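Have a look at the structure below, then the notes.
All figures in this text were calculated on a predicted structure; none of them were measured in a lab.
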Protein chains: 2
Amino acid sequence: MPHTIIDIKPHCNRCSFKELCFPLGLEADEFAKLDAVIRQSRRLKKGEYLFRAGENFTSLYAIRTGFFKTAVNTQDGRDQVTGFFMSGELVGMDGLGNKTYTSDAVALEDSEVCELPYYRLNELIEHFPKLSMHFLSMMSKEIIRDQNVMLLLGNMRAEERLAAFLLNLSERLNMRGFSPYDFVLRMSREEIGSYLGLKLETVSRTLSRFNQEGLIVVDHKHIRILQAKKLETMVTGCNISSE
Amino acid sequence: MPHTIIDIKPHCNRCSFKELCFPLGLEADEFAKLDAVIRQSRRLKKGEYLFRAGENFTSLYAIRTGFFKTAVNTQDGRDQVTGFFMSGELVGMDGLGNKTYTSDAVALEDSEVCELPYYRLNELIEHFPKLSMHFLSMMSKEIIRDQNVMLLLGNMRAEERLAAFLLNLSERLNMRGFSPYDFVLRMSREEIGSYLGLKLETVSRTLSRFNQEGLIVVDHKHIRILQAKKLETMVTGCNISSE
DNA sequence: CGGGAGATTGATTGTGATCAATCTTCGTGG
DNA sequence: CCACGAAGATTGATCACAATCAATCTCCCG
């Protein structure tokens with residue numbers, strides 16, 4: 001496993017994103033137990049796969065730092081980016097159902113993840129049944145996120161999709177204490193396009209137009225949002241929210 | 001609550017779809033406990049809402065008989081059908097995360113559902129922690145289903161979407177012991193269109209073309225599939241599977 | 001410094017949306 | 001039970017948005 005280092009005991013308590021991984025109020029003893037289970041931290045270089053579609057499901061992963069995309073692929077080579085994930089978000093939930101991952105997860109920058117091995121998850125739930133409701137809740141939120149992507153793909157025009165995408169990123173960065181109006185895109189135009197059901201040229205053109213219209217400033221991967229309000233009115237209906 | 005009758009004790013053991021609601025091997029005592037919790041059966045007339053977006057989350061529902069659609073709606077009136085559900089399938093999982101349903105569920109024909117009240121689900125998991133893995137598994141499968149819809153909406157052309165849709169219905173009907181090649185659509189052209197990200201005219205035209213080409217026979221809502229193989233080659237990549 | 005991937009911009013095309021008219025079916029009330 | 005009306009479906013003509021094809025351009029990364 002190249003570029004991979006296993007650390008021992010990263011401790012959730014020292015992680016500034018713990019409340020993002022486990023947003024619901026946990027009792028002290030429950031949290032301590034959880035912390036003990038998440039004992040492995042894994043580092044990935046940009047471009048490395050965290051898991052691949054078809055592999056046996058081994059773990060859920062909470063992202064500690066960095067940025068990931070997940071994608072499903074078809075037999076004929078097409079693929080669809082199904083999500084972008086940042087600190088405090090959970091990936092791998094699609095693997096639980098059939099004990100096999102159905103998507104790829106790829107690091108889009110050097111990243112660090114906290115691993116929740118499946119067998120330990122089992123033990124944990126056995127001993128702390130209340131915790132299982134937290135996991136059900138997080139999976140439910142993933143379903144809600146997916147519903148919103150369906151809404152976007154099924155109903156919205158190119159500029160609405162882009163606006164929704166930028167605002168969603170903005171909101172999630174804000175929640176993590178980063179600037180919501182000045183950030184660097186971690187993914188390529190092609191990956192944005194795949195996620196939004198558009199071709200990369202359309203993504204590029206639409207961003208350029210937003211730039212001309214003074215809604216945003218685009219400097220390659222660097223984005224500054226100037227008129228968030230106008231972007232919001234563009235996405236009238238869609239209530240995309242991070243998780 | 002008009003048209004609604006509450007029955008007592010439907011008993012999963014008498015339900016021919018129990019293995020669809022709970023596909024994983026359950027111990028006898030676990031299943032008995034589950035059976036005891038699902039004690040309410042509710043009947044709905046065609047057009048009735050099982051729940052609406054924004055309502056407090058009260059229960060998960062397993063469909064006993066009938067057919068449902070789920071849909072999310074935007075502030076500006078557009079809406080997106082997010083799924084069609086038949087016997088043995090579970091709806092309401094989007095409500096668990098925020099204790100509020102985020103979608104509507106509407107009966108597309110007279111239907112009967114088994115109710116799993118949230119507070120009873122909690123009790124159940126407390127006493128039988130192993131059961132929670134079954135629910136996590138079912139939610140994971142819902143996520144996989146959603147990923148496949150994203151793939152369809154993001155990557156496929158109109159005829160591919162329709163072919164995938166018909167084959168998916170066919171497969172699920174087959175699993176329930178119904179004819180996979182001769183069935184009645186429960187939803188309108190507009191609802192199919194909303195689900196597939198197409199306009200109703202495109203759905204109608206594409207079905208007509210399949211009919212002319214001898215792939216299927218369309219008689220309004222009655223569909224006969226003549227050349228499933230050809231439909232399958234149309235959807236090369238997409239691996240849509242029911243749940 | 002050079003090469004290659006990614007991004008931008010332009011010209012043209014094509015698929016599906018839109019607008020529109022007719023037809024069918026089903027539900028409702030007389 | 002039949003007639004009527006409304007909703008749903010089909011089909012046609014036209015239009016628009018995003019895809020495609022194509023030609024630079026820029027910026028990393030080696």
> Are A:Phe84 and A:Tyr195 an aromatic pair by the rule of ring centers under 6.0 Å?
Replying inline: yes
>> Output the rounded distance in Å from CG (B:Leu162) to C1' (C:dG16).
In response: 12 Å
>> Within the 4.0 Å limit for protein heavy atoms, which parts of nucleotides 17-30 of chain D are touched? Write it as a string from 5' to 3', B for base, S for sugar-phosphate only, - for none.
In response: SSSBB----SS---
> Are any side-chain N or O atoms of A:Gln80 and backbone N or O atoms of A:Ala71, one a donor and one an acceptor, separated by less than 3.5 Å?
Replying inline: no
> Quantified as the angle between the terminal helix axes (five pairs each), what is the overall bend of the helix from C:dC1-D:dG30 to C:dG30-D:dC1 to 10 degrees?
Replying inline: 50°
> Starting at CG of B:Leu207 and ending at P of C:dG16, how long is that distance when rounded to a whole Å?
Replying inline: 14 Å
> Okay, side chain of A:Thr206, backbone of A:Thr202: is any donor-acceptor separation there less than 3.5 Å?
Replying inline: yes
> Expressed in angstrom and rounded to an integer, what is the separation of B:Glu190 atom CD from C:dA17 atom P?
Replying inline: 13 Å
>> Could you tell me how far apart A:Arg189 (CZ) and C:dT9 (C1') are, to the nearest whole angstrom?
In response: 13 Å
> Any side-chain donor-acceptor pair under 3.5 Å between A:Asn98 and A:Thr100?
Replying inline: no
> Who are the side-chain contact (heavy atoms from CB on, under 4.5 Å) partners of A:Lys46, not counting sequence neighbours?
Replying inline: A:Asp110
> Pick one: which of A:Thr70, A:Asp94, A:Thr82 meets side chain to side chain donor-acceptor pair (under 3.5 Å) with A:Ser103?
Replying inline: A:Asp94
> Can you tell me if CD on A:Glu190 sees more than 12 non-hydrogen neighbours from other groups inside 6.0 Å?
Replying inline: no
> B:Leu153 CG to C:dT15 C1': how many Å, rounded?
Replying inline: 16 Å
> Can you find a pair of side-chain heavy atoms, one from A:Val217 and one from A:Asn211, that are under 4.5 Å apart?
Replying inline: yes
>> How many whole angstroms separate atom CZ of B:Phe210 from atom P of D:dA9?
In response: 17 Å
> What is the distance, rounded to the nearest whole Å, between atom CG of B:Leu196 and atom C1' of C:dT15?
Replying inline: 16 Å
> So, is A:Ser208 close to the C:dT9 phosphate, meaning a side-chain N or O under 4.0 Å from OP1 or OP2?
Replying inline: yes
> Is the closest side-chain donor-acceptor distance between B:Ser41 and B:Glu112 under 3.5 Å?
Replying inline: yes
> Rounding to a whole Å, what distance do you find between A:Ile192:CD1 and C:dG6:P?
Replying inline: 13 Å
